[in-house]
Amino acid sequence: MPDKRRKLPMQQQKCVQEQCPRDRYRWQLPDIVSSMIKTCYDPICFEHVDASPMPSRDAAIAILDTCKDILFPGYFRNQGVDSNNLEYRLGLDISGLFESLSHEVSSSLRHECRRLGHTCYQCDKQGEETALQFLENLPELRATLATDVRAAFEGDPAASSYDEIIFSYPGILAILTYRVANLLYKLEVPILPRILSEYAHSVTGIDIHPGATIGESFFIDHGTGVVIGQTAVIGNRVKIYQGVTLGALSFKREESGDLDRCSKRHPTLEDDVTVYAGSTILGGKTVIGARAVVGGNVWLTESVPPDTKVLLNPPELVFKTTQG
Amino acid sequence: MPDKRRKLPMQQQKCVQEQCPRDRYRWQLPDIVSSMIKTCYDPICFEHVDASPMPSRDAAIAILDTCKDILFPGYFRNQGVDSNNLEYRLGLDISGLFESLSHEVSSSLRHECRRLGHTCYQCDKQGEETALQFLENLPELRATLATDVRAAFEGDPAASSYDEIIFSYPGILAILTYRVANLLYKLEVPILPRILSEYAHSVTGIDIHPGATIGESFFIDHGTGVVIGQTAVIGNRVKIYQGVTLGALSFKREESGDLDRCSKRHPTLEDDVTVYAGSTILGGKTVIGARAVVGGNVWLTESVPPDTKVLLNPPELVFKTTQG
Amino acid sequence: MPDKRRKLPMQQQKCVQEQCPRDRYRWQLPDIVSSMIKTCYDPICFEHVDASPMPSRDAAIAILDTCKDILFPGYFRNQGVDSNNLEYRLGLDISGLFESLSHEVSSSLRHECRRLGHTCYQCDKQGEETALQFLENLPELRATLATDVRAAFEGDPAASSYDEIIFSYPGILAILTYRVANLLYKLEVPILPRILSEYAHSVTGIDIHPGATIGESFFIDHGTGVVIGQTAVIGNRVKIYQGVTLGALSFKREESGDLDRCSKRHPTLEDDVTVYAGSTILGGKTVIGARAVVGGNVWLTESVPPDTKVLLNPPELVFKTTQG
């Protein structure tokens, strides 16, 4: 009953405090609560008071985990899968995914409707439709991911087996999450794809925007610090290493003063391109031609023709002896 | 009863092993335990035997989660907040935060007292006082974070809404955690601020020391690999990108041979500075003047005047055709 | 009963759907399950159907947590350790570790046997033997880790106590995990070491292959983006900073067309070497001599003699005033 306490005369308050040293400060909390509530109605702050609930981050991660179980049966949580129980296992996982994905997609749509002031009357139905379309694409997703696993084995001499790659390579987790998020992005689900991609970013240090377009047999080695922007386009059999950025040049504002959020701002890598560690490729008109190799630490804002090696003319090093 | 087992005559041991193949090796464990215990009293090793407990990392993360709920009501765990229940929700969260923060601050203080051999008689009271001062700063913290969210929307063409930023941008999580940790740091709480900042570092790849000084409307894009040192000073409306380091030059030792742990070792960025990806700015006397822009991959150990663009004279690239 | 439902005549299906709008799409799930099952027998995809279970990632992380409790008693989960209960605490932790490690090593071995088509008849025994050998090395591991903690305190002016380092420094977590994983790697345990190292990579952004060889008093500051390859060799008292790569030059294929997965592909750093942030050192024949210092952002594919400083001849910067 904080309000009553605040009305006690000062002397009585002191008395209470002396009797109960644990209440030295607690009687001041209601004032703090009031001042926080005031800021909730301050237009400069953000809140979700009276708004529809956000999609849940935990539910999004659970959806990704179920996708992993379905895409690589026997590897992750549902071990002990064999030909006798595979149908039951997959059946259960796929029905469960339908339920949870429908629900989260509906939440995302409803949240977006409310945010934009739209009337929201089909969000449940659209959630189910989208979940179904997602599920129908799973077999193809599985085949594409198999090309990514093979590319990792071909690309990394330290890989001792396919299992090790599926089980522990951060590049595979980032690519799997990207492929799931990108499918949801193409189905025009708001917010959820970005929650997934930022989860993978957090776990792997690899930041792939769900809007990027990436072909099959894609390999990312080590991966920490990789950034692939929203409008990047990557062909088949492309290899990139840690610290590679496919980014935007500093962007222009529209005449209204707002940012241009639609044009192609990130580069294109054609088939069979390799980009070594720490290189940065910027700009929506920059095209790295097929089979080109970009060496480490290169900074590129211009296109490269096919079948070309681009290397840094190694900057001069200075060697000084420090021995007495 | 390992000690009794070790006293069994050898023959009898073998017999036991034959009867119970699961005990092939377990009888050797007591020797290993003994040798580990011996190292616990070896002065070269570290232990917390007979020391007061450390503040708990899990409790620290729970405190941060409650701060997030209070600072952005409705976004994270306490969804379904509306104007009818907002006061109850915030009241509960703020009282809970007071309890848990008081407790962890007291633990941190008590641990530090024990470590330094001080008498510790006011740690409980000081914990409560500090928690209260922290809470009193929450409304201001909230207003500052709102400027950070707006800066992210202004700075990133891929941002589709404020909600997406609050909900999923690693830069916002890192800045929120920094602002919480920095407040505790300024209230002279030991250990806890660093636990929080290393948690955010782990989740986002962004390493901001709680001692850094950072103005409002701060934007970090992508963020993996960012390092901001303890004595860095950053003005208002500053933007930095992934892989930027605000670090120290190699440091000097004091005459005693110990490290100088107090002087300003990290640079200053004045208002409206932008630093693009991969740049490194070092040294406590290095000042980047207001409105300056530092391009990507620049290595700076000297000051830059206001209203200046600093770009790398692009190192020469070598293009080689690889086509037969 | 999806199969029965699929056999209902079309008209009746529609009727059911109208009565129960929640079943708009669910009747289509069995077809999706069937097409996913089909891909499980497609040779291009990977699955674990009929294979032995993988070692569990959660169990691996639990093993690492127990190692942390044993190596730094009182710091992590088992607080309140004192000289009265230390023996019980360590005894319990070490017996528990023996059990869980035996089990996971056996799983890893059995999985590898099945994958390679070997007969597997000693995996249980070998799991226990390996776990015992691991435990016997713990006292030495503890002494080595103490040198790493001291090196961090000596190397970082922002470190305020040993406790802060043990409790919150990502470099120490990465090095501790590496030392545990490397011990398992040397005991020829498959898969498990890599699961551990990728866990630390995920948490710290520091990617150390369990096969690397690293001396005592090793210090990694900040660490995000560090990559240390499988055949790298690092001496005593070496310091490296964030974004340093010890990597391979582009590798050659064997005559068979397969990758050469055995030769030394990564560099050697002799005693007392320091490598500053963002530098890349590549190649199995590259040796950085004792006491050498490699400055920031250096790209090295050649050896450096002992007692030498290697600095980038700083690339020219262009300064432009932007003031009207």
Side-chain angles (χ1 to χ4, degrees), chain A residues 2 24-26 28-30 32-33 35-40 42 44-51 53-54 57 111 115 190-191 194-195 198 201-202 205 207 209 211 224-225 227 229-230 243 245 247-248 251 259-261 265 280 291 293 298-300 304 306-313 315, chain B residues 70 72-76 79-83 86-87 90-91 94-95 98 125 128-129 131-132 135-136 138-139 142-143 146-147 149 154 156-164 166-170 203-205 222 224-225 242-243 277-278 296-297 312 314-323:
Chain A
R24 250 181 248 120
Y25 305 103
R26 223 172 299 176
Q28 299 185 41
L29 295 181
I32 292 174
V33 173
S35 63
M36 274 310 276
I37 288 170
K38 216 179 296 164
T39 71
C40 284
D42 182 335
I44 70 148
C45 288
F46 302 97
E47 34 52 51
H48 253 261
V49 176
D50 288 331
M54 304 280 295
R57 185 171 185 270
H111 180 268
R115 193 176 71 78
I191 299 182
R194 188 64 187 262
I195 293 174
E198 285 300 342
H201 182 192
S202 158
D207 181 357
H209 195 286
T224 306
V227 173
Q230 185 178 25
T245 292
F251 37 83
L259 294 180
D260 172 6
R261 296 184 191 269
R265 305 182 306 278
T280 300
R291 296 167 300 281
V293 175
V298 167
W299 183 273
L300 267 175
V304 170
D307 299 295
T308 306
K309 250 190 193 169
V310 189
L311 300 172
L312 199 60
N313 196 355
Chain B
I70 294 170
F72 292 107
Y75 277 90
F76 298 104
Q79 302 207 341
V81 172
D82 62 28
S83 50
L86 177 65
E87 181 170 1
L90 274 180
I94 288 175
S95 332
F98 176 73
K125 184 163 177 265
E128 290 187 27
E129 266 172 27
L132 193 74
L135 293 179
E136 285 168 348
L138 281 180
R142 189 160 209 255
T147 69
V149 173
E154 282 308 301
D156 181 8
S160 63
S161 68
Y162 292 127
D163 288 354
E164 192 187 54
I166 296 169
F167 210 65
S168 70
Y169 272 41
V203 173
T204 66
H222 306 298
T224 306
Q242 71 270 22
N297 272 9
L312 199 59
E316 204 185 327
L317 296 177
V318 184
F319 291 76
K320 291 183 203 167
T321 302
T322 55
Q323 209 175 13

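Residue numbering restarts at 1 for every chain, and letters A, B, ... go by the order of the sequence lines.
Between chain A and the residues B/Leu138, B/Val203, B/Ile166, the most heavy-atom pairs under 4.5 angstrom are made by B/Val203. Highest contact tally toward chain B, considering only A/Val33, A/Leu300, A/Thr245, is held by A/Val33 [criterion: heavy-atom pairs under 4.5 Å]. Counting heavy-atom pairs closer than 4.5 Å to chain A, the top-ranked of the candidates B/Ser160, B/Ala159, B/Gly278 is B/Ala159. Ranking B/Pro170, B/Gly91, B/Gly225, B/Gly205 against chain A, the residue ahead of the rest is B/Pro170, based on heavy-atom pairs under 4.5 Å.
When all heavy atoms are compared, the tightest approach of B/Glu136 to B/Pro139 is O-CD, 3.5 Å. Nearest heavy atoms, A/Gly229 versus A/His209: C-CB, 3.9 Å. Here the closest non-hydrogen pair linking B/Thr224 and A/His201 is OG1-NE2, 2.7 Å. Between B/Ser168 and A/Glu198, the shortest heavy-atom contact is O-CG, 3.0 Å. Of all the heavy atoms in B/Glu164 and B/Ala158, the pair that sits closest is OE1-O, 3.8 Å.
If you measure heavy-atom distances from A/Val227 to chain B, the contacts under 4.5 Å come from the side chain alone. At a 4.5 Å heavy-atom cutoff, B/Thr147 makes no contact with chain A through either its backbone or its side chain. For a residue to count as touching a neighbouring chain, one of its non-hydrogen atoms must lie under 4.5 Å from one of that chain's; by this rule B/Tyr162 touches chain A with the side chain only. In this structure, chain A has heavy atoms under 4.5 Å from both the backbone and the side chain of B/Ala143. The parts of B/Glu316 that come within reach of chain A are both its backbone and its side chain, each placing non-hydrogen atoms under 4.5 angstrom from that chain. Looking at B/Leu312, there are no atoms closer than 4.5 Å to chain A (heavy atoms on both sides), in backbone or side chain.
For the pair B/Val149 and B/Phe72, the minimum side-chain heavy-atom distance is below 4.5 Å. The shortest side-chain heavy-atom distance between A/Arg194 and B/Tyr169 falls under the 4.5 Å cut-off.
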